[in-house]
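Keep in mind it's a predicted model, so treat the numbers as computed, not measured. For the single chain, residues carry numbers from 1 onward in sequence order.
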Amino acid sequence: MKAKVGILLAIVVLVGVIASGCIGSQESSETETTGVELTGDFTKDILAIGRTLESNGINEVKFSAWGSGDPNSVMRVYGIVEAARRINKVWEENEVNVKITITDIHYVASFQDAYQEYLSKQPLGQAGDFFVNSYAFLPTLADEGYILDITEYANAYKNVIEDFYPSLIEASKFNGKLYGLPQDTEARPLYIRKDVAAKIGFNLEGIEENVKSGEFTWSDVYYWAKKAKESGAAEWGLIHRKGSAHPDLIQFIFAFGGKLYNEDSGKLVVDVPAVYKWLYVEWKFAQDGLLPKDIMSWDWAKQIHPAIVEGRTLFDIGGTWYWTEWQTKDYYGKEGTPRPLKPEEVQAWFAYTLFPAGEKGLKPVTLSQPFVWMINSKAGQQNPKYDELKDLYHKLAFLMIIKASDPDINAIHSVISAHLPVRKEAAKLISDEKWLNDLKNLNLDLDPQVKDNIKDIVATTVHPINAKFLADVSYMLEYTKLAPAHPKYPALADIFKEAVDKVLRGEMTPEEGVNYIIQKINADPELAQNVEVVGEIPKDWKFP
């Protein structure tokens, strides 16, 4: 009897071991069928992912693309659509029965609004799988765990990563980790109306060199702005952007030799002398009637751009993207029915320089705000077996932004939106006359949906004049500054905005504006811990 029991126990143990081995074998097999290591060979990697998805019963992968910006920057979302088409084509040619579908294309004007929407909807699982927005928001999204750390994936694609301009890759990092790929960048010139300048005897010959050398400063801008106003040559001396004081107006801080970030402490900086001088310049221009006191609440399409393109101002603080936006939007209404400008008109009417030094002895600047392709940390969650195949969906999403960064996609975006290319190979294409002509005729292999959404923009922006403009302003990146990639920077920028608005309207003096900024920071314990206030309001400083 005991022998029989022993035999039975041995059989049970043996069955258990076999079963255990089988289960282990199944787990190993399952790991093998869902795990794909990226090699840096795009075709090989995309086929491995496609075949693994197919073997797991997945024949369609759904993604959504969210973006924001000016009307000509729609490739920020349609670049994802085109990337999907190119991947689908590889799968189809290799008989992989899987297809990527972009189910939701969400594009809005305000990048701040887009950020707030993403911030509120990501925890609910309702935000876009791909999110393109300012690098300034990346630290907060990374810190919250809302976007994917792609460092390890990118290590396999160093050949692509190294073609991006290094400063832009650095802008896509947080705490040393890569959280996105650069999508575009830009410079922010000071535009000058040539026709208005001619009326007041303002000789623009050599202006770029005079700005570069620091000879032409903001005191000179004031002098000529006042002359344009008082002579009746223009309604305003200066027009600038509204809304958040980031990023355009903080150029004043850099132009007056200030800083916004302390690398040693890792804290944001309110550089009191520079901020005071910035507010004083704004106040002086507004008090003397050279800049609208209520400019921060002006309407973009009805007030700001028409004032510039109709020659109602001598100077404008704008962005490179204005150059083509003026050619696609009905801003010019001097002849009755509003219409866009022609390339020849933009070229004839506008000179452009760096943002001048605040005062003698300092240097001119420009400001870049790279936009970055970011991937939702829940990317692909609307698809079947997400928990099981999450790693595959995330790697596929990464390969999609690699493909959306193809040089030709980036070059198309650059030309039609007047943003500067982020890849060296894209920069080469922009100066290729044949390629430009093919783009003009849409004689390119692109998704029909992409062609349909850019055809009107292409018709009005692809022109040798515009390509020359991009080439002309590229040097400005040598002078460029970036706002701090700090999670609390957007909150500080909003306080700057409020102070500028109050100073412009005459509700506060420049000194009161500085004190207001400091008080608002101190009223927010978290912000106060992350901001250093340095320096004092300068005594006996005069402008102009």
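Between K199 and D195 there is no salt bridge, since no side-chain nitrogen of the basic residue lies less than 4.0 Å from a carboxylate oxygen of the acidic one. Looking at E282 and K284, no side-chain N of the basic residue comes within less than 4.0 Å of a carboxylate O on the acidic one, giving no salt bridge. One finds a salt bridge joining R241 and D248 here, because a Lys/Arg side-chain nitrogen approaches an Asp/Glu carboxylate oxygen to under 4.0 Å. The pair R312-E310 meets the salt-bridge criterion, since a charged nitrogen lies less than 4.0 angstrom from a carboxylate oxygen. Between R505 and D501 there is a salt bridge, with a side-chain nitrogen of the basic residue lying less than 4.0 Å from a carboxylate oxygen of the acidic one.
Under the salt bridge (Lys or Arg N to Asp or Glu O under 4.0 Å) criterion, E512 pairs with no residue, sequence neighbours left out. Checked against ring-ring contact (aromatic ring centres under 6.0 Å, His included), H486 has no partners two or more places apart in sequence or in another chain. Evaluation of the side chain to side chain contact (heavy atoms under 4.5 Å, CB included) rule for D113 yields S110 as partners, not counting sequence neighbours.
Here the side chains of T328 and P340 are not in contact, with every heavy-atom distance at 4.5 Å or above. Looking at heavy atoms from C-beta onward, K360 lies in side-chain contact with E215 at the 4.5 angstrom threshold. Two residues are said to be in side-chain contact when any heavy atoms from C-beta on lie closer than 4.5 Å; T461 and N72 meet this criterion. Y78 is listed as a side-chain neighbour of I105, based on a closest heavy-atom distance under 4.5 Å. In this structure, N133 and M374 have side chains that are in contact, with non-hydrogen atoms separated by less than 4.5 Å.
Aromatic rings from F256 and W218 are positioned such that their centres are separated by 6.0 Å or more. Centroid-to-centroid, the aromatic rings of F252 and F355 come within less than 6.0 Å. Note: W349 and Y332 meet the aromatic proximity criterion, with ring centroids under 6.0 Å apart.
To the nearest 0.5 angstrom, E186 atom CD is 12.0 Å from L470 atom CG. From H240, atom NE2 reaches atom CZ of R188 across 14.0 Å, with rounding to the nearest 0.5 Å. Note that the CD1 atom of I416 and the CD1 atom of I457 stand 5.0 Å from one another [nearest 0.5 Å]. Here CD1 of I495 is found 5.0 Å from CG of L527. Values are rounded to the nearest 0.5 Å. D271 CG to L260 CG: the interatomic distance, rounded to the nearest 0.5 Å, is 8.0 Å. To the nearest 0.5 Å, atom CZ of residue F137 and atom CD of residue Q369 are 7.0 Å apart.
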Test log, rule salt bridge (Lys or Arg N to Asp or Glu O under 4.0 Å), inputs D432 and K428: CA-CA 7 Å; D432 183 326; K428 291 177 187 175; over 6 Å; no

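Under the side chain to side chain donor-acceptor pair (under 3.5 Å) criterion, the residue pairs touching residues 222-236 are Y222-D288, with sequence neighbours excluded. Sequence neighbours left out, the pairs with a member in residues 316-337 that pass salt bridge (charged side-chain N to carboxylate O under 4.0 Å, His left out) are E335-R339.
Within a 6.0 Å radius of CD in E344, more than 12 heavy atoms belonging to other residues, nucleotides or ligands are found. Within 6.0 Å of the NZ atom in K363, the count of heavy atoms belonging to other residues, nucleotides or ligands does not exceed 12. Open room surrounds NZ on K542; 12 or fewer heavy atoms of other groups in view lie less than 6.0 Å from it. Heavy atoms of other residues, nucleotides or ligands lying less than 6.0 angstrom from NZ of K212 number more than 12. By the neighbour-count criterion of 12 heavy atoms within 6.0 Å, atom NZ of K424 is densely surrounded, having more than that number from other residues, nucleotides or ligands. Heavy atoms of other residues, nucleotides or ligands lying less than 6.0 angstrom from NZ of K293 number more than 12.
Side chain of D294 to main chain of S297: no donor-acceptor pair is present (N/O by atom type, distance under 3.5 Å, no hydrogens or angles). Here the side chain of Y118 pairs a donor or acceptor atom with the backbone of Y146 at under 3.5 angstrom.
Taking the six-membered ring for Trp and thresholds of 30 and 60 degrees, W66 and F131 have ring planes more than 60 degrees apart, a perpendicular arrangement. The aromatic rings of Y191 and Y322 lie parallel to each other, their planes meeting at an angle below 30°, with 60° marking the opposite boundary. Between W323 and F469, the ring planes are parallel. Angles under 30° get that label, and only those over 60° would be called perpendicular.
The minimum heavy-atom distance linking P306 with W300 is given by the pair CD-O, 3.8 Å.
Cation-pi geometry between R76 and F371 is met: the NZ or CZ atom falls under 6.0 Å from the ring centre, inside 45° of the normal. With F350 as the aromatic partner, R193 meets the cation-pi criteria of under 6.0 angstrom to the ring centre and within 45 degrees of the ring axis.
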Donor-acceptor list for residues 167-178 side chains, cut-off 3.5 Å, not counting sequence neighbours:
from : atom 1 : to   : atom 2 : distance (Å)
E170 : OE2    : K173 : NZ     : 3.1
S172 : OG     : L168 : O      : 2.9

